[in-house]
Structures are given as C-alpha cells and as structure tokens.
Peer 1: 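Mind looking over this structure? Questions follow.
Along the sequence shown, the residues carry numbers beginning at 1. For the numbers below, each heavy atom of this structure counts, side chains included, while hydrogens, waters and symmetry mates do not. Note that the structure is a prediction, hence the values are computed from the model and not measured.
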Amino acid sequence: MSAMSQPSTTVSRLPEKQRTSRTELDELLDSTPLATIALIRDGHPVIFPIGFARIGDELVIHGSTGSPWLRQLADGAAAAVSVTTLDGVMVARCGFESSFRFRSAVLFGTFERIGDEDKVGYLDQLVDTLIPGRVAELRASSRKELAATMALRMPIGDDNWSLKVGGGWPEDSDEDIAAGVWAGVVPLTTVYGDPERSPDCDAAIPVPPSVRAMRGPLVNRRPG
C-alpha cells in the first residue's frame with residue numbers, strides 16, 4: 001500500500017463477531033453489487049458509492065476516465081472498501097439491545113488500472129456477474145466507449161480484509177425477559193422486482209433471458 005502502513009484488520013469492538021473465513025467473505029461480496037470506497041483527496045477524507053464485482057481473487061470496479069477520484073485510485077492512492085448487507089432487524093425488549101443482523105467487510109489496499117489488452121474481458125465478466133448471461137445479448141463495446149471507461153482491480157489477499165458478522169438473537173436481561181414483551185428478528189432481504197420496460201422500448205421486443213432469470217433474492221445470484 002503506497003508508503004502507508006497496513007491498517008489493522010482486527011475487530012476491537014465485539015471481537016467475537018469477527019470472522020476469518022474467506023468463504024464467508026466471498027459470500028458477502030457476491031451478495032451485493034454496491035460498495036463504498038474511501039480515500040484521502042485534497043487533504044480530507046471522501047467516500048463514494050460504486051458498483052463492483054468479485055472476479056476470482058480481485059475486487060473490480062469501473063467508471064469514467066474523467067472521474068478525478070477514480071484517476072487518483074488508478075495512480076495508487078491508498079483506499080478502504082466497505083461492503084455491508086443487512087439480513088434482519090433484531091427486535092429486543094429494550095432499545096439498548098435492539099440491533100441488526102448484518103455482515104460487513106472492509107478491504108484495504110490499492111487499485112491498479114486494468115490494461116487495454118485485458119479491459120474487455122474484465123468488463124464483460126463484470127456485466128455477466130451483475131446480470132448473468134447479458135453479454136451474449138449485447139453488441140460489443142465500441143472503441144470510443146472503451147476509451148472512455150477505466151477499469152480497476154484490487155487484490156483480495158490473506159490479510160487485507162476484515163469481516164464482522166452480527167447474528168443470533170436479542171440478548172435481553174432476565175428482568176426484561178420476565179416482563180412479557182415480544183422479542184425476535186424480522187428478516188430483511190433484497191429481491192428483484194418485475195422488469196419495467198423503458199418508454200422507448202418497443203412493446204413487441206421480448207424480455208431477454210438474462211432479465212427473465214433475474215427473479216428471487218439478490219443473495220448468491222452472482223457467480224464466484
């Protein structure tokens with residue numbers, strides 16, 4: 001990571017919630033297409049949301065070559081990437097113990113620009129990760145589009161990430177349990193809705209297979 005030291009990946013608050021399983025990390029990264037990336041820009045911290053895909057042992061993002069912060073990442077700026085999903089609302093018998101079921105990871109490192117010789121392959125994998133089977137239904141990207149697009153990757157190593165998982169049930173006191181107040185968990189999932197046709201899309205054009213297949217929960221729909 002540039003000249004900076006590696007940030008700690010040890011969970012200090014509620015360390016019993018830390019997980020060290022790479023399989024669990026991959027499951028989290030594959031369960032959502034959105035991350036936030038933090039870096040220092042112009043002397044102050046900034047954070048940006050961005051779509052991403054895990055492709056093997058790399059976290060891949062892309063965007064406009066005109067983006068100042070993407071160019072800064074391409075130049076080797078130290079970054080922190082956060083990915084979180086909420087799996088439920090934990091309803092305790094008091095406000096203090098109420099919480100969430102969640103999975104949250106932070107990855108530390110630097111991104112590198114993906115060269116032109118590999119860019120098309122990575123971009124195709126990114127599209128097919130977010131919408132499986134879509135690339136086969138699309139025209140190839142034009143030279144102008146490729147020139148306007150920057151693709152970056154960050155290695156997912158053995159020691160540059162931290163994973164924290166909050167699960168279980170409310171941890172109410174015996175006194176609160178005896179009070180006869182309901183407690184439990186309300187599950188929370190992200191689900192694909194019915195496709196909505198663009199206003200300029202002819203009604204005679206059928207919904208393509210890749211879109212028809214996007215049914216049910218978002219979790220684990222993306223290939224590893």
Peer 1: Any non-hydrogen side-chain atom of Ile156 less than 4.5 Å from a side-chain atom of Leu29?
Peer 2: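 Yes, at least one pair of side-chain atoms sits under 4.5 Å.
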
Peer 1: State the OG1-CG distance between Thr84 and Leu28, to the nearest 0.5 angstrom.
Peer 2: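 Interatomic distance, Thr84 OG1 to Leu28 CG, rounded to 0.5 Å: 7.0 Å.
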
Peer 1: Check side chain to side chain donor-acceptor pair (under 3.5 Å) between Ser67 and all other residues, then give those that pass, not counting sequence neighbours.
Peer 2: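 For Ser67, the residues satisfying side chain to side chain donor-acceptor pair (under 3.5 Å) (neighbours in sequence not counted) are Trp69.
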
Peer 1: Under 3.5 Å, which donor-acceptor pairs link side chains of residues 173-182 to any protein atom two or more places apart or in another chain?
Peer 2:
| residue | atom | partner | partner atom | Å |
| --- | --- | --- | --- | --- |
| Ser173 | OG | Asp176 | N | 3.1 |
| Ser173 | OG | Asp176 | OD2 | 3.4 |

Peer 1: Can you name the side chain to side chain donor-acceptor pair (under 3.5 Å) partners of Asn160, sequence neighbours left out?
Peer 2: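 Applying side chain to side chain donor-acceptor pair (under 3.5 Å) to Asn160 gives none.
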
Peer 1: Any side-chain to backbone donor/acceptor pair from Gln72 onto Ile40? Under 3.5 Å, distance only.
Peer 2: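 At least one qualifying donor-acceptor pair exists.
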
Peer 1: List the atom pairs, with distances to 0.1 Å, where a side-chain N or O of residues 41-48 and a protein N or O form a donor-acceptor pair under 3.5 Å, not counting sequence neighbours.
Peer 2:
| residue | atom | partner | partner atom | Å |
| --- | --- | --- | --- | --- |
| His44 | NE2 | Arg41 | O | 3.4 |

Peer 1: Carefully, step by step, assess Phe102 and Lys164 under the rule side-chain contact (heavy atoms from CB on, under 4.5 Å).
Peer 2: CA-CA 8 Å; Phe102 68 89; Lys164 189 174 182 180; 4.1 Å; yes

Peer 1: So, taking the atom named OG1 in Thr110 and the one named CG in Leu39, what distance separates them when rounded to the nearest 0.5 Å?
Peer 2: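 CG of Leu39 is found 12.0 Å from OG1 of Thr110.
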
Peer 1: May I have the step-by-step check of salt bridge (Lys or Arg N to Asp or Glu O under 4.0 Å) for Arg54 and Asp26, ending in yes or no?
Peer 2: CA-CA 8 Å; Arg54 179 185 69 86; Asp26 288 349; 3.7 Å; yes

Peer 1: Considering only residues two or more places apart or on different chains, which pairs with a residue in residues 56-65 satisfy salt bridge (Lys or Arg N to Asp or Glu O under 4.0 Å)?
Peer 2: Arg22-Asp57, Glu58-Arg153

Peer 1: Does anything in residues 195-207 pair up under side chain to side chain donor-acceptor pair (under 3.5 Å), and if so which pairs, sequence neighbours excluded?
Peer 2: Ser198-Asp200

